[in-house]
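Before any comments, here is the structure.
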2 protein chains.
Amino acid sequence: MTTTPAPESAAGDAVSGSAPADDFLRLDQQICFSLNAASRAFGSLYRVVLKDLGLTYPQYLVMLVLWEHGELPVKKVGEHLRLDSGTLSPLLKRLEAAGLVRRERSARDERSVVVGLTDEGAALRGRALRVPRRIAAATGFGLTEINDLRARLDRLTSTLDAAALEDFPDRG
Amino acid sequence: MTTTPAPESAAGDAVSGSAPADDFLRLDQQICFSLNAASRAFGSLYRVVLKDLGLTYPQYLVMLVLWEHGELPVKKVGEHLRLDSGTLSPLLKRLEAAGLVRRERSARDERSVVVGLTDEGAALRGRALRVPRRIAAATGFGLTEINDLRARLDRLTSTLDAAALEDFPDRG
DNA sequence: CACAATTAAATTGTGCACAACTAAATGACG
DNA sequence: CGTCATTTAGTTGTGCACAATTTAATTGTG
């Protein structure tokens, strides 16, 4: 579980034999699983930390966007978070039911629904200020290391997005 | 979007003012969001690549485990993937309905359900061999870089797990 | 102005993650 | 042997992600 053998013999050439492909399959399991596991481990930690704010992790992300940008149409919130209305509509309804946000149709454009903070939602920010520090501490990483990891992940994300668009151009 | 200002002035001391905490909140958004986004971008890519195998991403992970280890009780599958029966039971039923795995109660221990591959499930491995290469290519990362990222993520995961256990010791 | 194309939310349906709980089998111990 | 704690799957309920579809408003064009 330390420093994988790394089947570099098969790194550059086409799939010829069978053994290198096996290694790739095992490696693939490790990579995709590592990311998946890290994401879920983060989720578990946030679940604990956010419990007394009464927020789930995706709800917290939405609140972060609103705290930073003020009121926004659902569309814009979705652009910030890479989420569509299929995910956001029910989530925002739950935040509204919790009294943290209000949602109202824009007068200028009746298609658009503008999401804003209630007083309670704005006040919650004060209690949220201590969240990042607890999370950062739990990672055991320093700021530099965190920023480095973030940069790699962001690069990975945009590369993956680009690759997905090549295979599947009919996507927004 | 390049090299964040990094509010290192507030890195070591307690939250005194307001501005540094604001920065932390913004930073937190970036970190957790980056991981979340990368995980979902990976998911989208796998969704496309796995489409003609008829597998979802979590189902693919289960198949990887079975291809590598042969038949296993549900419990063991869950240990490999960090998933409990609440997630695995319905997932395995879908794989069984698809004709890829069979599930049968162990004779030795009637509590345990052993999951094994059908001929069709074993045969699917052949078509899956080309998946890792497509994924690796899409990341735009070399093997070294992938392994490095994986190592960081694994370290992050175990640190996060340990931190969660400190806050919440009643967890397996 | 009329009408087609586009856009924004919402809805529907499928599948995953996870907490909480249930049911059944096993194992330990008096 | 009987009883109780533990273990293993499964079930239920909540919430998120995402594809596909629907509805309504807006924009563009003739």
Side-chain angles (χ1 to χ4, degrees), chain A residues 32-33 36-48 50-51 54-62 72-79 81-98 103-115 164 168 170-172, chain B residues 32-33 36-48 50-51 54-62 72-79 81-98 103-115 164 168 170-172:
Chain A
C32 63
F33 175 67
N36 196 36
S39 180
R40 285 190 287 131
F42 244 109
S44 297
L45 180 61
Y46 271 104
R47 189 168 306 117
V48 174
L50 292 175
K51 191 166 190 174
L55 294 175
T56 67
Y57 176 64
Q59 288 167 7
Y60 173 67
L61 291 178
V62 168
L72 287 174
V74 172
K75 185 76 193 307
K76 289 289 178 189
V77 176
E79 284 172 8
L81 297 178
R82 237 169 187 276
L83 292 172
D84 63 9
S85 65
T87 300
L88 285 176
S89 288
L91 190 157
L92 289 169
K93 277 186 186 173
R94 283 187 283 269
L95 285 179
E96 186 180 41
R103 302 181 310 135
E104 39 196 50
R105 289 270 161 197
S106 162
R108 253 204 11 265
D109 185 344
E110 288 278 339
R111 292 171 304 181
S112 177
V113 168
V114 173
V115 185
F168 216 165
D170 49 319
R171 204 77 122 221
Chain B
C32 64
F33 176 68
N36 197 34
S39 180
R40 284 190 288 131
F42 244 108
S44 297
L45 180 62
Y46 271 103
R47 202 183 332 278
V48 173
L50 293 176
K51 191 167 190 174
L55 293 175
T56 67
Y57 176 65
Q59 288 167 7
Y60 173 66
L61 291 178
V62 169
L72 287 175
V74 172
K75 185 76 195 306
K76 289 290 179 189
V77 176
E79 284 172 9
L81 298 178
R82 238 169 185 277
L83 292 172
D84 63 10
S85 66
T87 300
L88 285 176
S89 288
L91 190 157
L92 289 169
K93 277 186 186 173
R94 283 187 284 270
L95 286 179
E96 185 180 39
R103 301 183 309 137
E104 39 197 51
R105 289 272 160 196
S106 162
R108 254 203 14 262
D109 185 344
E110 288 279 338
R111 292 171 303 181
S112 177
V113 167
V114 174
V115 185
F168 215 164
D170 48 320
R171 203 77 123 222

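The chains referred to below are lettered A, B, ... by the order of the sequence lines, with proteins before strands, and numbering in each begins at 1.
Residue A:Lys93 is in sugar-phosphate contact alone, with no base atom involved, counting any heavy-atom pair closer than 4.0 Å across all strands shown.
Nearer the 5' end of DNA chain D, as judged by each residue's closest nucleotide, is the contact made by A:Leu83, out of A:Ala107 and A:Leu83. Along DNA chain D, the nucleotide nearest to B:Asp109 and the one nearest to B:Thr87 differ in position, and the one closer to the 5' end is contacted by B:Asp109.
A donor N or O paired with an acceptor N or O is not found under 3.5 Å between the base of C:dA9 and the side-chain atoms of A:Ser89. With hydrogens and angles ignored, a donor-acceptor pair under 3.5 angstrom links the side chain of B:Ser85 to the base of D:dG10.
Contact between the side-chain N/O atoms of B:Arg103 and the OP1/OP2 oxygens of D:dG10 is found at a separation under 4.0 Å. Phosphate proximity of D:dA9 to B:Ser112: present, with a side-chain N or O under 4.0 Å from OP1 or OP2.
Across all strands shown, D:dA24 is found opposite C:dT7 as a Watson-Crick or G-U wobble partner, with both distances under 3.5 Å.
Rounded to an integer number of Å, the gap from B:Leu88 CG to C:dG15 C1' is 13 Å. Distance, B:Arg105 CZ to D:dG10 P: 5 Å, rounded to whole Å. Rounded to whole Å, the distance from CG on A:Leu92 to C1' on C:dA9 is 11 Å. Residue A:Leu45 contributes atom CG, which lies 19 Å from atom P of C:dA17 at whole-angstrom precision. Between A:Arg47 atom CZ and D:dT14 atom P the separation is 16 Å, expressed in whole Å.
By the salt bridge (charged side-chain N to carboxylate O under 4.0 Å, His left out) test, B:Glu96 pairs with B:Arg103, sequence neighbours left out.
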